[in-house]
Amino acid sequence: MMSAKLFKMSPRKVAEILKSHLDNQIDWIEKIDIAGPGFINFFIKPTAWYPVLHDIHQKNNDYGRCDIGKDKIVQVEFVSANPTGPLHVGHGRGAAVGDIIGNILSFCGYKVIKEYYINDSGRQIKTLGRSVYLRMLDLLGRTVDFPEDCYQGDYILDIAKDILQSKGKELGEWDTEKAIVYCSRVAADVILDGIRTDLRQFGVIHDTWFSEQTLYDEGKVDAAIISFKNKGIVYEHDGALWFKTTDYGDEKDRVVVRANGLTTYFASDIAYHKDKVDRGLDWIIDIWGADHHGYVERIQSVMKALDVDIQRLDIILIQLVSLLRNGEPVAMSTRSGEFVTLKQVIDEVGTDAARFIFLTRHYDSHLDFDLELAKKQTNDNPVYYVQYVHARISSILTKAEAEKGITTIQPSDSGLERLTAAEEIDLMKRLVEFPELIKLSAQMKEPHRITFFLMDVASLFHAYYNQHRILSDDIELTHARLYLVSAIRTVIRNGLTLLGVSSPHKM
RNA sequence: GCGCCUGUAGCUCAGCUGGAUAGAGCAACGGACUUCGAAUCCGUAGGCCGGGGGUUCAAGCCCCUCCAGGCGCGCCA
């Protein structure tokens, strides 16, 4: 239809001509029809689908893998939560999305580096130290004001107790500044350790942990500022140093060094992204919470100022998560320190369910995470629906061996040609799409596509299972169906593996 | 006020980057276990794709505008 104008013919006419050239030319085509305004429908012979089963069995765990990445190095930076408190559900979503995007890209032939940027410098770390210090003084029986802008959570008190235990009361006698610095360091270490542990439990392992402080220690922040100053991109005004982001599309210039001499968060971020570029990364993916979207333009400006092709940087914004219980919002308030941590969530619902549910929406959509729903072992909860396919097929294969003595599936050509049921054809059609789907998920950086695909395959399988018997006295047909069913299991398993979700043999 | 995201069935969401009669799940109603795992399946019903303009042979998708919700808009991080 798109070529109709080019040929100056009606779309139907073009279709007729194409059809006349293609008719009886391709052996896997049953027939060709023209429909509606000029759509050409190709009817594929059932035999055309069988090779996909051989393909899946041959490639097995590698079915779906491709090499579009051509060994290019891509860094996915995600979570990167400040080490001032434990991870919460929102971080969990970012963790799941980032981890899985990394898995997919790796499956597609990229060299993937998963990185965590640690904001271990600056004011919030000092506030952390002050919070711990004040709690400690409190424990020592001194009456102190605990300001509102300090961290209120119970974990602060726990850390204060630990420090008191290891360091004794002498810390109370230290110079305040010195004690706060000490508390800052210890607290950040403890919290970061906790974050690491929680992430590991959640199945997320970062390859590199990049400390903001090292950028200062190694002089990279100063170096970046000086280099931009020399290029005239950083200038002085009102006693502060400004980055000329307006030259690159931002609505106003941004401060890099304040009039009081202290650098802003933006300063270290400039150095950090310059460092990423200097490391020779072919592709940089930053995954942030959507509340940081105002920052996108700033970082893009930095890349432009560095003369880096803007295509090399992708910033993915994850929308917020609301935590619900039975449809009712769970009160979350950072200020009061009352919030549900990621650890509490995965302890309650399990890693598999949590990871899967985080991927049941496009990251552009707000997500309601219902704790009760996540625990339900019913159709409401898609994790078990998909995992059930894997368990069911595993069970069938076990049964085939126990009752029919089938240890290796050996389908004959004539057997495969009997897979003509509509459900069987539909399943093979879906399975053949898997590699294309993976590629698309990688290119679009949209991991939720895999979740939806798996739910779709699961639905087709369950319907098939209820309609047709896999194991029967018809040995030839049994082998053919086992061949199909174990191919389905492979695809389900490969998909779940990318999602970091287990593929159970029993549930 | 400005910017970003979202708006699709009663509810929660998909919609393969512009194609045919817009799809799932849940909830509702009616069915299926003597047989491979009922954590399953089958059927019924449910729609001005937020409103209005525009581009196109063709728009849920692209452009403009308005409405509603969320999030941002510091010499904070």
Side-chain angles (χ1 to χ4, degrees), chain A residues 1-2 4-5 10-12 35-39 41 82 84 119 121-125 127 149 212 237-242 250-269 289-297 317-320 322 324 327 360-368 370 373 376-389 391-400 402-404 433 436-437 439-441 443-444 446 448-449 451-453 455-456 458-459 461-472 478 481-482 485 506-507:
Chain A
M1 280 178 282
M2 289 167 65
K5 194 172 275 179
S10 75
R12 269 203 85 95
F39 292 100
N41 290 329
N82 295 343
T84 54
N119 293 114
S121 158
R123 212 180 71 174
Q124 83 279 5
I125 289 294
T127 303
D149 66 338
E212 178 187 11
H237 177 70
D238 285 346
L241 285 181
W242 299 70
D250 202 358
E251 55 188 14
K252 57 173 287 195
D253 290 344
R254 308 291 174 174
V255 170
V256 177
V257 181
R258 291 182 266 166
N260 63 12
L262 295 176
T263 52
T264 63
Y265 178 84
F266 185 37
S268 47
D269 242 2
D291 51 340
H292 288 83
H293 75 254
Y295 220 72
V296 172
E297 201 122 45
L317 301 174
I318 313 282
Q319 288 297 327
L320 305 181
S322 314
L324 307 180
T360 52
R361 266 158 201 51
H362 191 291
Y363 52 70
D364 257 359
S365 291
H366 297 231
L367 170 66
D368 288 334
D370 194 306
L373 199 74
K376 271 194 196 166
Q377 302 190 338
T378 67
N379 216 348
D380 299 7
N381 193 343
V383 204
Y384 301 111
Y385 186 72
V386 173
Q387 287 184 320
Y388 189 47
V389 174
R392 239 183 181 178
I393 295 173
S394 298
S395 167
I396 294 170
L397 294 175
T398 307
K399 189 150 184 135
E403 292 183 5
K404 308 268 179 201
E433 287 171 16
E436 222 22 68
L437 170 97
K439 233 179 268 181
L440 195 67
S441 306
Q443 284 160 350
M444 312 271 295
E446 291 181 344
H448 73 283
R449 288 173 186 276
T451 341
F452 282 92
F453 175 85
M455 289 190 275
D456 201 31
S459 166
F461 168 76
H462 287 311
Y464 173 55
Y465 174 89
N466 275 278
Q467 190 74 24
H468 302 277
R469 267 195 82 78
I470 312 300
L471 304 176
S472 67
T478 297
R481 286 184 169 167
L482 283 173
V485 146
K506 284 181 183 162
M507 293 171 65

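The model shown is predicted, which means the values in this text are computed figures rather than measured ones. Sequence lines set the chain letters: A, B, ... in the order given, protein chains first and strands last, and positions in each chain run from 1.
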When the C1' atoms of B/rG72 and B/rC64 are considered, how many whole Å apart are they? 24 Å
So, does A/R254 get its side chain near the phosphate of B/rG74, meaning an N or O under 4.0 Å from OP1 or OP2? no
Counting only Watson-Crick or G-U wobble pairs whose two distances fall under 3.5 Å, which nucleotide matches B/rU40? B/rA32
Assign A/D253 to base, sugar-phosphate, or nothing according to its heavy-atom contacts below 4.0 angstrom with the strands shown. nothing
Over all strands shown, is A/K404 touching base, sugar-phosphate only, or nothing at heavy-atom distances under 4.0 angstrom? nothing
Are a donor atom and an acceptor atom from the side chains of A/T84 and A/Q124 found within less than 3.5 Å of each other? no
With both distances under 3.5 angstrom, what nucleotide forms a Watson-Crick or G-U wobble pair with B/rC26? B/rG10
Indicate, with a heavy-atom threshold strictly under 4.0 Å, whether A/N119 touches base, sugar-phosphate, or nothing. nothing
Within 45 degrees of the axis of the six-membered ring of A/Y465 and under 6.0 Å from its centre: does A/R392 put its NZ or CZ there? yes
Touch check for A/F266, heavy atoms < 4.0 angstrom, all strands: base, sugar-phosphate only, or nothing? nothing
Across all strands shown, which nucleotide pairs with B/rC4 by Watson-Crick or G-U wobble geometry, both distances under 3.5 Å? B/rG70
For B/rG25, take OP1 and OP2 only and decide whether either is under 4.0 Å from a side-chain N or O of A/K376. no
With a 4.0 Å cutoff (strictly under), does any side-chain N or O of A/Y465 reach OP1 or OP2 of B/rA38? yes
Any base atoms under 4.0 Å from A/I470, or only sugar-phosphate, or nothing? Heavy atoms, all strands. base
What does B/rC62 pair with, Watson-Crick or G-U, if both distances are under 3.5 Å? B/rG54
Tell me if the side-chain of A/N41 makes a donor-acceptor pair with the base of B/rA20, cut-off 3.5 Å, by modelled atom types. yes
Using purine N1 to pyrimidine N3 plus N6-O4 or O6-N4 for Watson-Crick, or N1-O2 and O6-N3 for G-U wobble, each under 3.5 Å, what pairs with B/rC76? none
Name the nucleic acid region contacted by A/A463, choosing base, sugar-phosphate or nothing; use a 4.0 angstrom heavy-atom cut-off, strictly under. sugar-phosphate
